[in-house]
Amino acid sequence: MLDRKYILANGDAVKQNCANRNVTVDVDRFIELESARKQKLQEVQELNTASNERSKLIGKAQDEAERESLKDEARALRDKKDAAQGEHDRMDDEARQIQLFIPNMAHPDCPVGVDDKSNLELARGKHEPRGFNFKPLDHLELGEKHDWIDFEGGARTTGNGFYFLKGDLVLLDLALQQFAVSELSKRGFLPTITPDLAQDSVLEGIGFNPRGPETQIYSVENMNLSLIGTAEITLGGLYSGKTMMDTDLPIKLCGISHCYRTEAGAAGRASRGLYRVHQFTKIEMFAFTLPEQSDEIHEELRQIECDLFDAIGVPFRVVDTATGDLGGPAYRKYDLEAWMPGRGDAGEWGEVTSTSNCTDYQSRRLNIRYKQKDKKGTNFVHTLNGTAFALSRALISILENHQNEDGSVTIPEVLRPIMGKDVMGK
RNA sequence: GGAAGAGUGGCUGAGUGGUCGAAAGCGCCUGAUUGCUAAUUAGGUGAACGGGUCAAACCGUUCCGCAGGUUCGAAUCCUGUCUCUUCCGCCA
């Protein structure tokens with residue numbers, strides 16, 4: 001969330017930002033409430049001071065009569081204070097409800113537009129989409145041919161949208177994980193396996209709503225636990241309420257977890273197969289940084305994503321996400337879209353990674369701060385996240401781009417030593 | 001899952017319902033001192049929020065795991081809850 005003082009001081013900019021991001025929220029009402037709340041707080045504190053002063057005198061009172069009259073005074077003051085406090089809390093609650101829906105400010109270079117049509121292509125990967133001198137299959141057809149993917153069994157066992165992976169595709173999945181984790185630890189990211197469940201309060205802190213009609217989250221009945229949609233949730237939770245030293249920043253983590261999403265309301269040809277599923281494994285980059293570092297680290301995350309997809313020989317483009325497509329917490333977001341020959345009639349770009357600089361939007365909610373040596377006070381860190389590999393979609397991109405006419409798939413060179421073979425499905 | 005015990009500042013650890021934001025020690029910072037990489041000594045040393053200031057200083061409120069309650073007043077009493085330790089049970 002945004003700083004309340006910032007909203008009060010920059011009302012017009014905040015309103016313009018909401019419009020750019022296609023978010024409807026009553027900023028004026030927030031400003032009205034917050035101004036009134038601050039005045040009320042002043043009143044509460046004054047009453048409390050007066051009440052505290054009386055109470056302290058009671059201990060030193062000489063006789064019973066004096067004591068009783070002081071008690072009456074103190075009690076009356078406390079009642080007035082409680083009443084004022086109640087009013088203050090009501091204003092505070094309502095202001096907070098609005099504040100939670102005010103999105104982060106957007107980077108000045110961020111393309112302005114209300115939806116993904118305004119996204120801007122920034123760059124391409126090393127590999128261009130290849131031509132096929134045969135009719136390429138999509139990953140589902142390849143998966144069925146080799147018995148690598150079993151959606152039918154997944155549906156029977158668990159439900160629609162769940163799947164079993166088998167055989168060489170499992171080896172490929174694990175090889176990708178190992179490759180990503182090893183690359184990331186070379187670059188200073190601490191490999192971290194997180195729980196797949198988190199408390200509802202942690203989900204709310206990151207900005208997810210775990211229960212309710214429109215939730216994307218699976219929750220556990222009779223417990224305040226939910227299955228995580230991304231390791232961002234647990235990694236943020238790990239540091240919530242913490243204060244770090246500036247010299248320890250940036251902290252870079254490589255989270256490994258399963259991700260669970262209900263994907264309510266999503267269906268259709270574009271969602272065929274592994275593209276949109278209820279469970280997948282993800283290797284996630286996460287960073288806590290000083291404010292002045294976050295732009296630079298964001299570029300680093302983007303570069304790592306490009307390097308990883310270049311390394312596995314998959315063509316992609318980098319997209320600068322438009323204001324309306326950013327989501328609440330992001331200040332700026334880059335997506336990598338991989339070429340997927342099996343999508344649409346003759347191939348389409350499909351999102352495979354996403355990296356966001358959330359500045360202090362999440363850390364303010366989660367109360368994650370840093371302290372500078374020899375300086376009073378603390379500040380909020382900046383948080384960033386980025387996908388290394390979302391395994392389900394990375395698998396699609398490899399199967400479809402590296403398929404051969406006989407239905408086999410050439411394994412990317414960097415994965416061959418890990419898998420111990422050059423071709424799968426031969 | 002059952003039983004018992006414990007949760008206090010960066011750490012260790014004291015704390016009879018009022019003078020406790022909290023003793024003491026360690027650590028850290030600043031100064032003094034001794035010519036020897038350290039000792040001695042004096043002082044200082046938490047955070048959030050609000051006010052104030054160019055910035056400080058400064059003033060106020062809140063915080064002793066968390067949330068409630070009793071009371072004029074709670075680190076201290078009561079209730080709930082979470083976490084940790086030990087013992088038992090179960091188990092990949």
Side-chain angles (χ1 to χ4, degrees), chain A residues 1-9 30-96 98-100 193-205 210 220-226 234 237-249 251 258 288 291 360-381:
Chain A
M1 57 195 169
L2 292 180
D3 183 12
R4 289 188 175 193
K5 277 185 277 193
Y6 178 87
I7 302 171
L8 285 192
F30 174 84
I31 291 173
E32 181 189 324
L33 278 165
E34 176 63 5
S35 311
R37 184 194 69 85
K38 284 168 81 165
Q39 282 193 2
K40 188 55 77 175
L41 181 62
Q42 199 78 316
E43 188 186 327
V44 170
Q45 294 189 342
E46 278 162 22
L47 286 167
N48 216 356
T49 305
S51 154
N52 285 346
E53 278 168 3
R54 295 300 181 288
S55 291
K56 282 190 177 161
L57 290 175
I58 292 171
K60 296 181 185 128
Q62 299 298 320
D63 57 79
E64 204 55 30
E66 186 186 351
R67 195 180 294 264
E68 284 308 316
S69 95
L70 280 167
K71 271 194 193 184
D72 288 342
E73 256 185 86
R75 196 180 289 125
L77 281 165
R78 192 201 56 183
D79 289 346
K80 274 171 88 173
K81 179 226 138 193
D82 284 347
Q85 182 83 54
E87 284 179 60
H88 169 272
D89 290 350
R90 272 193 298 282
M91 289 189 257
D92 192 38
D93 282 349
E94 197 189 331
R96 187 181 169 76
I98 298 172
Q99 186 188 11
L100 287 176
I193 294 180
T194 88
D196 288 345
L197 290 131
Q199 292 179 17
D200 289 348
S201 59
V202 173
L203 275 87
E204 282 156 10
V220 179
E221 199 179 2
N222 297 328
M223 293 209 224
N224 65 344
L225 290 177
S226 295
T234 36
L238 180 61
Y239 282 86
S240 68
K242 297 271 188 201
T243 302
M244 14 219 173
M245 289 306 299
D246 58 345
T247 49
D248 293 332
L249 297 172
I251 291 174
H258 292 118
F288 301 96
D360 58 359
Y361 192 86
Q362 290 178 320
S363 61
R364 181 168 287 109
R365 262 196 215 215
L366 292 168
N367 194 22
I368 305 176
R369 300 160 178 276
Y370 71 94
K371 186 169 171 50
Q372 289 165 285
K373 199 170 160 63
D374 302 328
K375 271 190 89 173
K376 233 175 125 60
T378 56
N379 293 301
F380 291 107
V381 303

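Here is how names work: the chains are called A, B, and so on, in the same order as the sequence lines, proteins then strands, and each is numbered from 1. Every heavy atom of this structure was used, including side-chain atoms; hydrogens, water molecules and symmetry mates were not.
- Rounded to whole Å, the P atom of B/A75 lies 15 Å from the corresponding atom of B/G68.
- Residue A/Asn52 is classed as a sugar-phosphate contact, given heavy-atom separations below 4.0 Å to backbone atoms only.
- Remark: A/Leu77 pairs with A/Leu47, A/Ala50, A/Ser51, A/Arg54 by the side chain to side chain contact (heavy atoms under 4.5 Å, CB included) rule, at least two apart or across chains.
- Look at CD on A/Gln85: it is 15 Å from P on B/G50, rounded to the nearest Å.
- Phosphate contact (OP1/OP2 of B/G60, side-chain N/O of A/Thr49, threshold under 4.0 Å): absent.
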| query | Tell me, what's RNA chain B's dot-bracket, Watson-Crick or G-U with both distances under 3.5 Å, | for other-strand, [ ] crossing? | reply | ((((((((.[[[..)..(.....]]]((((((.......))))))((((((......)))))).[[[[[..)....]]]]])))))))....
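- Exactly one of A/Glu87, A/His88, A/Gln85, A/Gln45 qualifies for a side chain to side chain donor-acceptor pair (under 3.5 Å) with A/Lys40. That residue is A/Glu87.
- Taking 4.0 angstrom as the limit, A/Lys56 places none of its side-chain polar atoms (N or O) nearer than this to OP1 or OP2 of B/G73.
- Contact annotation: A/Lys371 does not reach the phosphate of B/G46 (side-chain N/O to OP1 or OP2, under 4.0 Å).
- For A/Arg365 (side chain) and A/Leu100 (main-chain N/O), a donor-acceptor pair under 3.5 Å exists by modelled atom type.
- Of all the heavy atoms in A/Tyr370 and A/Pro291, the pair that sits closest is OH-CD, 3.4 Å.
- The side chain of A/Lys5 places an N or O atom within less than 4.0 Å of a non-bridging phosphate oxygen (OP1 or OP2) of B/G50.
- What separates CG of A/Leu70 from P of B/G18 is a distance of 17 Å, to the nearest Å.
- Remark: A/Arg369 is not in phosphate contact with B/A47, judged by side-chain N or O atoms under 4.0 Å from OP1 or OP2.
- For the salt bridge (Lys or Arg N to Asp or Glu O under 4.0 Å) with A/Arg37, the qualifying choice from A/Asp93, A/Asp89, A/Asp92 is A/Asp92, the only one to do so.
- One atom, CG of A/Leu8, and another, P of B/C49, lie 14 Å apart when rounded to the nearest Å.
- For the P atoms, the distance linking B/U61 with B/A4 amounts to 42 Å, nearest Å.
- Residue A/Arg75 is in sugar-phosphate contact alone, with no base atom involved, counting any heavy-atom pair closer than 4.0 Å across all strands shown.
- Atom P of B/G44 sits at a distance of 15 Å from the matching atom of B/C26, rounded to the whole Å.
- Counting to the nearest Å, the P atom of B/G51 and the NZ atom of A/Lys40 are 16 Å from each other.
- The P atoms of B/A3 and B/G89 are separated by 15 Å, rounded to the nearest whole Å.
- Atom P of B/A57 sits at a distance of 12 Å from the matching atom of B/G46, rounded to the whole Å.
- To the nearest angstrom, C1' of B/G69 lies 13 Å from CG of A/Asp82.
- Within a 6.0 Å radius of CZ in A/Arg96, no more than 12 heavy atoms belonging to other residues, nucleotides or ligands are found.
- Along RNA chain B, the nucleotide nearest to A/Lys38 and the one nearest to A/Ala74 differ in position, and the one closer to the 5' end is contacted by A/Lys38.
- One C1' atom belongs to B/G27, the other to B/U34, and the distance between them is 24 Å to the nearest Å.
- For the C1' atoms, the distance linking B/C72 with B/A14 amounts to 28 Å, nearest Å.
- Summarising the geometry, the separation between CG on A/Asn48 and P on B/C59 is reported as 18 Å, rounded to the nearest angstrom.
- For the atom pair CG (A/Asn48) and CD (A/Glu43), the distance works out to 12.0 Å, reported to the nearest 0.5 Å.
- The closest side-chain donor-acceptor pair between A/Arg369 and A/Thr378 falls under 3.5 angstrom.
- Nearest-nucleotide positions on RNA chain B place A/Leu41 closer to the 5' end than the other of A/Ala50 and A/Leu41.
- Atom CE in A/Met91 sits about 20 Å away from atom P in B/C49, given to the nearest Å.
- Within a 6.0 Å radius of CD in A/Gln39, no more than 12 heavy atoms belonging to other residues, nucleotides or ligands are found.
- For the OP1/OP2 pair of B/A47 and a distance below 4.0 Å, the side-chain nitrogens and oxygens of A/Thr243 include no atom meeting the criterion.
- Distance A/Met244 CE to B/G10 P: 16 Å, rounded to the nearest Å.
- Of the P atoms belonging to B/A22 and B/G10, the separation is 15 Å, rounded to the nearest Å.
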